[in-house]
Amino acid sequence: MTAAPEPRIRLAQQIEQRIEALALEYAEVCRRADISDETLGKIRKGMKARSATYLKLERALQWAQGSIAAILAGGEPTPLEASEPQPPQQSQRPSLEQEMDLAQRLLAATVREMNLSPEEADEVWRRVRREIEVTHRSHAPDSGRNGRNDHAV
């Protein structure tokens with residue numbers, strides 16, 4: 001009797017099978033999921049990814065939400081039926097200004113809720129602003145990349 005593969009290796013195998021079943025190329029999966037080819041490569045090698053990355057990958061592979069969690073728990077993915085409505089694809093990313101405005105409003109509410117000091121609020125805003133700017137630069141049309149260059153997938 002052979003032991004079951006480690007959960008993330010099993011996930012990688014299921015992803016490979018699904019990509020083959022859908023007759024997709026890796027670049028198309030990256031485009032659909034809005035992830036970098038490096039990120040997909042890491043997942044295909046059994047590395048852990050963020051929940052948001054898994055969610056995007058589920059959509060790209062036409063799996064129901066929660067399918068990756070099911071695979072990691074030893075279960076099977078749930079393919080979306082052709083008749084099921086697909087979540088709308090975002091046709092255009094929000095502008096840098098729109099994203100900064102939203103982040104600023106969310107941060108103000110968070111500062112009030114958590115009773116952060118002005119110094120703590122400034123530090124959080126600095127980090128959030130930097131992350132938004134990095135994300136927008138990496139998604140710029142002239143970046144020549146398939147998405148963010150995340151250190152953690």
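The chain is numbered in sequence order, starting from 1.
Taking the side-chain hydrogen bond (donor to acceptor under 3.5 Å, both in side chains) definition, one finds that Gln104 meets it with nothing, sequence neighbours left out. Partners of Glu76 under the salt bridge (Lys or Arg N to Asp or Glu O under 4.0 Å) rule, at least two apart in sequence or in another chain, are Arg10. The side-chain hydrogen bond (donor to acceptor under 3.5 Å, both in side chains) check on Ser51 picks up nothing, with sequence neighbours excluded. When the side-chain hydrogen bond (donor to acceptor under 3.5 Å, both in side chains) test is applied to Arg112, no partner is found at least two apart in sequence or on another chain. For the side-chain hydrogen bond (donor to acceptor under 3.5 Å, both in side chains) test, residues two or more places apart in sequence or in another chain that qualify with Asp101 are Arg105.
No continuous path of ILVMFWY side-chain contacts below 4.5 Å connects Val134 to Met100, so the two sit in separate hydrophobic clusters. Hydrophobic clustering, with ILVMFWY side chains joined whenever heavy atoms are under 4.5 angstrom apart, keeps Ile15 apart from Leu55.
No donor-acceptor pair under 3.5 Å is formed between the side chain of Glu28 and the backbone N or O of Glu25. A donor-acceptor pair under 3.5 Å is absent between the side-chain atoms of Thr78 and the main chain of Ser67, judged by distance alone. Of the possible donor and acceptor atoms, one in the side chain of Arg18 sits under 3.5 Å from a partner among the backbone N and O of Gln62.
Atom-to-atom distance recorded for Thr39:OG1 and Met47:CE is 9.5 Å, nearest 0.5 angstrom. Taking CZ from Arg127 and CG from Asp122, the interatomic distance works out to 12.5 Å, rounded to the nearest 0.5 Å. Remark: Ile68 CD1 to Thr53 OG1 distance equals 9.5 Å, nearest 0.5 Å. The CD1 atom of Ile132 lies 5.5 Å from the CH2 atom of Trp125; values are rounded to the nearest 0.5 Å. The structure places SG of Cys30 at 5.5 Å from CG of Asp37, a figure rounded to the nearest 0.5 Å. If you take CG on Leu40 and CD1 on Ile35, they are separated by 5.0 Å, rounding to the nearest 0.5 Å.
Closest heavy-atom contact between Ala60 and Val29: CB-O, 3.9 Å. Across every non-hydrogen atom of Leu22 and Leu61, the tightest pair is CD1-O, 3.4 Å. Minimum heavy-atom separation, Trp63 to Pro79: CD1-CA, 3.9 Å.
Clustering of Ile, Leu, Val, Met, Phe, Trp and Tyr side chains at separations under 4.5 Å places Leu106 together with Leu102.
The pair Arg130-Glu133 does not count as a salt bridge, with every side-chain nitrogen at least 4.0 angstrom from each carboxylate oxygen.
Under the 3.5 Å distance criterion, with hydrogens and angles disregarded, a donor-acceptor pair is assigned to the side chains of Tyr26 and Glu16.
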